[in-house]
Amino acid sequence: MKRLVVIGAGYAGSCVARMFRDQFDVLVLEGDSMPGGLCKSYYRDGLVYEYGPHILANHNCSEEAIAFLRSHVDTVDTKVTSASFVRDRTTWYPVHRRNAALLGLEAEVEAELRGLPAAPRMDNFETYLVDRVGRTLYEIYFADFTRKFWGVDPASLSADWARTRHLGESLDAEEMFFNRSWCAYPRGDWNDLFRNLLKETRVIYDAAVARVLPEERCVVLRSGPRIEYDLLLSTASIDFLFDHRLGKLTYRGYEIEPRVVDRPAWATFNGKPVSMTYYPEANVPYTRITDYGSFQRKEECPTYRGRTIVTVETPSASSELYPSTDRESLQLFDRYVRLASGYPEIVTFGRKGLYKYLTTDTATEMALRLRDHLFPWEALSSEARYAAYQEIRGSWNN
Ligand SMILES: Cc1cc2nc3c(=O)[nH]c(=O)nc-3n(C[C@H](O)[C@H](O)[C@H](O)COP(=O)(O)OP(=O)(O)OC[C@H]3O[C@@H](n4cnc5c(N)ncnc54)[C@H](O)[C@@H]3O)c2cc1C
């Protein structure tokens with residue numbers, strides 16, 4: 001059996017290790033001391049939280065992908081609700097036309113909405129959203145938030161990013177998009193998912209890969225040993241994989257500060273516990289506070305006997321969570337994919353390997369597309385591999 005070495009035991013690496021364990025002799029190398037990547041559950045004072053909101057949901061994927069996920073973790077159905085704090089008051093989020101009335105802006109916002117084009121301009125993030133919600137709501141809810149989070153002018157981001165995140169679709173929606181389909185939290189915690197995915201797979205922890213040597217078909221661990229492969233599937237950054245030789249890809253993210261708190265006054269809005277409160281205004285340093293007690297294990301929530309755990313999320317340029325979606329970054333990424341396509345024994349995959357915002361459902365969907373292309377990966381021409389990567393990665397909207 002051929003040896004498949006997988007770099008990374010985050011969701012993408014664990015998912016493919018599970019999917020391909022019958023076709024390959026699989027070995028996973030994980031730099032951390034436990035699996036999960038960004039999907040780990042952590043504990044503080046007995047309360048569980050993740051690194052950002054973590055719910056299992058069906059955003060945009062097939063029943064097959066959801067069935068795969070559900071067969072590896074027991075879940076409790078839940079709902080997430082969100083709100084936005086602007087001008088000293090809690091308002092609906094995603095942005096709703098009711099907010100105009102709450103903010104005393106009904107006449108001007110309604111006039112703007114009547115003048116919107118039938119189809120939004122796809123030039124960039126700003127044109128798309130102005131055409132979806134009007135200039136006034138755009139400025140209040142999206143413009144400063146985007147500058148604060150991304151550190152760039154919103155016009156430099158792609159319209160597809162707004163569309164992928166379902167921004168601006170909610171003026172008349174009764175439900176947040178998450179809640180329109182399946183939405184759940186693990187009955188235990190997220191770590192269970194990784195225990196199940198990897199239970200019959202060899203994984204070496206604390207095994208950070210320092211270098212990949214494609215000519216010798218081996219990786220070199222930071223601690224020294226070399227490990228040989230027949231096929232390498234890397235979920236590390238694609239620029240790392242190639243020694244950053246074309247330049248460094250950029251990301252955006254936030255620092256996350258967990259706090260155990262008494263159930264705060266802002267935790268309900270319109271009679272519902274609020275899971276995520278967004279702070280779009282420029283003078284507030286953070287962008288979001290997430291109350292985990294509002295969506296985990298419903299029977300005990302939202303208060304955990306009067307207490308809950310929240311994370312305060314403050315934008316940071318050094319936190320590599322979200323791939324940048326400006327044209328320059330996507331072009332650099334494209335050059336890396338072309339480079340990767342020339343290596344028949346390497347597959348780059350996952351959030352950083354294919355430089356794409358993923359959730360567990362869309363990562364599963366991506367793994368299913370990889371499965372359709374992997375056999376025989378080595379026999380494909382470089383051009384065919386490049387085309388396969390495009391299909392595997394999918395549009396921003398997958
Ligand atoms: C802020 C945020 C919130 C999110 N919320 C949700 C949510 O609510 N629901 C949801 O389903 N998904 C959510 N996601 C997505 C999810 O966390 C994962 O990003 C996604 O499933 C893809 O995971 P991945 O394995 O590609 O990447 P990662 O989770 O980053 O895993 C990569 C793994 O590779 C390892 N690694 C990297 N380099 C090396 C190396 N050189 N050597 C060895 N190991 C290495 C890392 O240690 C890590 O374990 C969220 C993501 C972010 C950023």
Side-chain angles (χ1 to χ4, degrees), residues 5-18 27-41 49-61 65-66 69-70 73 75 78 80 82 149 165 178 182-186 190-191 193-194 197-198 203-212 219-223 227 232-244 251-256 275-276 287-288 290 292 295-296 311 313-316 319-323 348-367 370 393:
V5 169
V6 177
I7 302 180
Y11 183 72
S14 302
C15 176
V16 290
R18 172 66 188 83
L27 173 66
V28 181
L29 303 173
E30 168 53 54
D32 201 353
S33 56
M34 63 185 282
L38 286 176
C39 283
K40 291 184 191 75
S41 287
Y49 70 99
E50 286 84 34
Y51 201 77
H54 275 74
I55 41 155
L56 288 142
N58 182 354
H59 297 176
N60 292 293
C61 76
I66 289 300
L69 262 170
R70 295 184 87 151
V73 67
T75 58
T78 189
V80 285
S82 50
F149 184 76
R165 304 304 304 268
F178 275 123
W182 179 62
C183 185
Y185 186 80
W190 278 82
N191 304 335
L193 173 63
F194 295 92
L197 285 170
L198 294 169
V203 187
I204 308 181
Y205 293 105
D206 297 313
V209 172
R211 289 202 63 195
V212 176
V219 300
V220 184
L221 299 188
R222 202 174 289 160
S223 53
I227 294 179
L232 178 71
L233 194 149
S234 170
T235 67
S237 294
I238 189 169
D239 52 349
F240 155 83
L241 193 59
F242 295 104
D243 284 332
H244 303 105
Y251 292 83
R252 215 47 200 181
Y254 33 72
E255 298 302 329
I256 294 192
S275 319
M276 295 173 273
T287 42
R288 186 170 62 180
T290 299
Y292 291 82
F295 55 87
Q296 298 162 349
T311 51
E313 299 158 16
T314 306
S316 152
S319 166
E320 297 191 347
L321 299 184
Y322 298 90
T348 178
F349 187 73
R351 179 179 68 91
K352 294 176 94 177
L354 286 177
Y355 199 57
K356 176 162 177 166
Y357 173 76
L358 287 175
T359 44
T360 42
D361 57 337
T362 54
T364 312
E365 197 70 44
M366 201 188 240
L370 172 65
R393 185 176 189 269

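Just so it is clear, the values below take in all heavy atoms, side chains as well, and ignore hydrogens, waters and symmetry mates. Numbering of ligands and ligand atoms starts at 1, following listing order. Predicted model, so just to flag it, every value in this text is computed and none were measured.
- Residue contacts with ligand 1: Ala207 is included, with a non-hydrogen atom under 4.0 Å away.
- In this structure, Leu321 and Tyr251 approach most closely via the heavy-atom pair N-CB, 4.1 Å.
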Problem set entry | Verdict with reasoning, Tyr357 to Thr362, per side-chain contact (heavy atoms from CB on, under 4.5 Å) | CA-CA 9 Å; Tyr357 173 76; Thr362 54; over 6 Å; no
Could you give the side-chain donor-acceptor pairs of residues 28-41 under 3.5 Å, partners two or more places apart or in another chain?
{"from": "Glu30", "atom 1": "OE1", "to": "Ala9", "atom 2": "N", "distance (Å)": "2.6"}
{"from": "Glu30", "atom 1": "OE2", "to": "Asp32", "atom 2": "N", "distance (Å)": "2.7"}
{"from": "Asp32", "atom 1": "OD2", "to": "Lys40", "atom 2": "NZ", "distance (Å)": "2.8"}
{"from": "Lys40", "atom 1": "NZ", "to": "Gly37", "atom 2": "O", "distance (Å)": "3.2"}
{"from": "Ser41", "atom 1": "OG", "to": "Glu50", "atom 2": "OE2", "distance (Å)": "2.7"}
{"from": "Ser41", "atom 1": "OG", "to": "Trp190", "atom 2": "N", "distance (Å)": "3.0"}

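- Applying the salt bridge (Lys or Arg N to Asp or Glu O under 4.0 Å) criterion to Glu255, with sequence neighbours excluded, gives no partner residue.
- When only interatomic distances are considered, the shortest N/O to N/O separation between Lys40 and ligand 1 does not fall below 3.5 Å.
- The nearest pair of heavy atoms linking Asp361 to Ala57 is OD2-O, 2.8 Å.
- A donor-acceptor contact shorter than 3.5 Å links the side chain of Arg252 to the backbone of Phe149.
- Under the 30°/60° scheme for interplanar angles, the aromatic rings of Phe240 and His244 are found to stand perpendicular.
- In this structure, Ala367 and Val16 approach most closely via the heavy-atom pair CB-CG1, 4.0 Å.
- Taking any N or O of Tyr51, backbone or side chain, none lies under 3.5 Å from an N or O belonging to ligand 1.
- Between Gly350 and ligand 1, not a single N/O pair is under 3.5 Å apart.
- At under 3.5 Å, a nitrogen or oxygen of Ala12, whether backbone or side chain, sits near a nitrogen or oxygen of ligand 1.
- When the heavy atoms of Tyr185, Phe349, Tyr254, Phe295 are ranked by distance to atom 1 (C) of ligand 1, first place goes to Tyr254.
- Geometrically, ligand 1 and Tyr322 share no nitrogen or oxygen pair separated by less than 3.5 Å.
- At least one N or O atom of Gly31, backbone or side chain, sits closer than 3.5 Å to an N or O atom of ligand 1.
- At under 3.5 Å, not a single nitrogen or oxygen of Ala363, backbone or side chain, sits near a nitrogen or oxygen of ligand 1.
- Residue Leu29 touches ligand 1 through its backbone alone, judged by heavy-atom distances below 4.0 Å.
- Ligand 1 places these atoms under 4.0 Å from at least one heavy atom of Ala208: 42 (N), 43 (C).
- Ligand 1 has Ile55 within reach: a non-hydrogen atom of the residue lies less than 4.0 Å from it.
- Polar contact check, Arg351 against ligand 1: a nitrogen or oxygen pair lies under 3.5 Å apart.
- Of all non-hydrogen atoms in Thr235 and Gly8, the two that sit nearest each other are OG1-CA, 3.6 Å.
- Across Ala9, Ala236, Gly37, Ala57, heavy-atom proximity to atom 38 (N) of ligand 1 is greatest for Ala236.
- Considering Val16, Leu358, Ile256 only, the shortest heavy-atom separation from atom 14 (N) of ligand 1 involves Leu358.
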